[in-house]
Amino acid sequence: MRFDIITIFPQLFDSFLDASLIKKAADKKISHFKVHNLRDWAFDKHKKADDRPFGGGAGMILKPEPLFKAIKAIRCKNKKTNTKVVLLAPAGRPFNQHMAKNWLKNDQIILICGRYEGVDARVEKIIDEKISIGPYVLSGGEVAAMVVMEAVVRLVPGYMGNPASLNEETFEQDLYEYPQYTRPESLKVAGKNYTVPKVLLSGDHQKIIVWRQKHRRKI
Ligand code: SAM
């Protein structure tokens, strides 16, 4: 699976792509990530990717031509490649775990990060989906792109050391995950004692399965 990100702030992705399991996924070639600077497709000598809105108003809008050109250039030319072009926007369809799983069928996902007051509305004619990561307005689509990438990549076979851990995660079977504990068994904070449920220390796997199932709340 391959992710292509179009942004005017490519440097925002440096540490995200250079750490943790995302980096491992790239190193192991489980997923590929490429960040593209939208300004590379700007045609004037100042590499201007934005302009004032027609009709007036505050802020700037990302111009359509660089985005049209970028998408055309980045889209895999192989007809068999299943490419999805996604515009990140607060007014988009709310992203969720079900969608993250569904996107696994794509070979290439192109993520367009808006900035300022957003992107020229004509860009919506050439995208497949407009996605929001929540009912609030961010300054740019970069953090939203990181959110959707991380949600999808961790489901790609080979990404998780122990894929079984995905089966009992929150949202599986419309349930939340059960409470998890680690050492120490007993913890004293401000005179109060916090202990781990005894069954988890019992070594009785059958009882542990039953306890965990009982403590998965319905969504
Ligand atoms: N003027 C736009 C509006 O009212 O809908 C908001 C533009 S926002 C300041 C700039 C960019 O941030 C958007 O084009 C989009 O790419 C991104 N963005 C902001 N909030 C987002 C969200 N909740 N989900 C996904 N992308 C978001």
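Numbering of ligands and ligand atoms starts at 1, following listing order.
Among all non-hydrogen protein atoms, the one lying nearest atom 15 (C) of ligand 1 is L88 O, 3.0 Å. Distance from atom 23 (N) of ligand 1 to its nearest protein heavy atom, with residue and atom name: Y136 O, 2.8 Å. Distance from atom 7 (C) of ligand 1 to its nearest protein heavy atom, with residue and atom name: Y116 O, 3.5 Å. Residue, atom and distance of the protein heavy atom nearest to atom 8 (S) of ligand 1 are L138 O, 3.2 Å. Looking only at protein heavy atoms, the nearest one to atom 24 (N) of ligand 1 is I133 N, 3.1 Å.
Residue A144 has at least one heavy-atom neighbour below 4.0 Å for each of these atoms of ligand 1: 25 (C), 26 (N). Annotation for ligand 1: atoms under 4.0 Å from non-hydrogen atoms of G141 are 12 (O), 16 (O), 17 (C). Near I131, with a cut-off below 4.0 Å to any heavy atom, the atoms of ligand 1 are 25 (C). The contact set between ligand 1 and S132, taken as ligand atoms under 4.0 Å from a residue heavy atom, comprises 23 (N), 24 (N), 25 (C). Less than 4.0 angstrom separates some heavy atom of V137 from each of these atoms of ligand 1: 6 (C), 8 (S), 9 (C), 20 (N).
In this structure, the side chains of Q108 and K84 stay at 4.5 Å or more apart for every pair of heavy atoms. Side chains of M149 and L111 form a contact here, defined as non-hydrogen atoms less than 4.5 Å apart. In this structure, R2 and D4 have side chains that are in contact, with non-hydrogen atoms separated by less than 4.5 Å. K63 is not listed as a side-chain neighbour of D120, based on a closest heavy-atom distance of 4.5 Å or more. Between W103 and V148, the closest side-chain pair of non-hydrogen atoms falls below 4.5 Å.
In the hydrophobic clustering (ILVMFWY side chains linked at under 4.5 Å, chained through shared members), L200 is joined by Y181, V196, V199, L201, I208, W211.
Considering backbone and side-chain N/O of G118, none are found under 3.5 Å from N/O of ligand 1. Note: no N/O pair closer than 3.5 Å links V119 and ligand 1 by distance alone. Remark: ligand 1 and E117 share an N or O pair separated by less than 3.5 Å (distance only, no angle test). Taking any N or O of G114, backbone or side chain, at least one lies under 3.5 Å from an N or O belonging to ligand 1. Considering backbone and side-chain N/O atoms, G134 comes within less than 3.5 Å of an N/O atom of ligand 1.
Contact annotation for S139 and ligand 1: only backbone heavy atoms (N, CA, C, O) come within less than 4.0 Å of the ligand. When heavy-atom distances to ligand 1 are checked against a 4.0 Å cut-off, L87 has no atom that comes that close, whether in backbone or side chain.
Ion pair R216/E177 not flagged as a salt bridge, since none of the NZ, NE, NH1 or NH2 atoms sits closer than 4.0 Å to an Asp/Glu carboxylate oxygen. By the 4.0 Å N-to-carboxylate-O rule, R154 lies close enough to E169 to be salt-bridged with it. With salt bridges taken as basic N to acidic carboxylate O contacts below 4.0 Å, none links R212 and E168.
Closest heavy-atom approach to atom 3 (C) of ligand 1 among the candidates A145, G140, P90: P90.
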Assess the residue pair E150 and I22 against the criterion (side chain to side chain contact (heavy atoms under 4.5 Å, CB included)); give the C-alpha distance rounded to whole Å, side-chain angles, the decisive distance to 0.1 Å, and a yes or no. CA-CA 7 Å; E150 189 151 305; I22 290 276; 4.1 Å; yes

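Not a single heavy atom of L62 sits under 4.0 Å from any atom of ligand 1.
When the shell of 6.0 Å around NZ of K48 is examined, it contains more than 12 heavy atoms from other residues, nucleotides or ligands.
For atom 26 (N) of ligand 1, the nearest protein heavy atom lies closer than 4.0 Å.
Note: F171 and Y176 have tilted aromatic rings, judged against thresholds of 30 and 60 degrees for the angle between ring planes.
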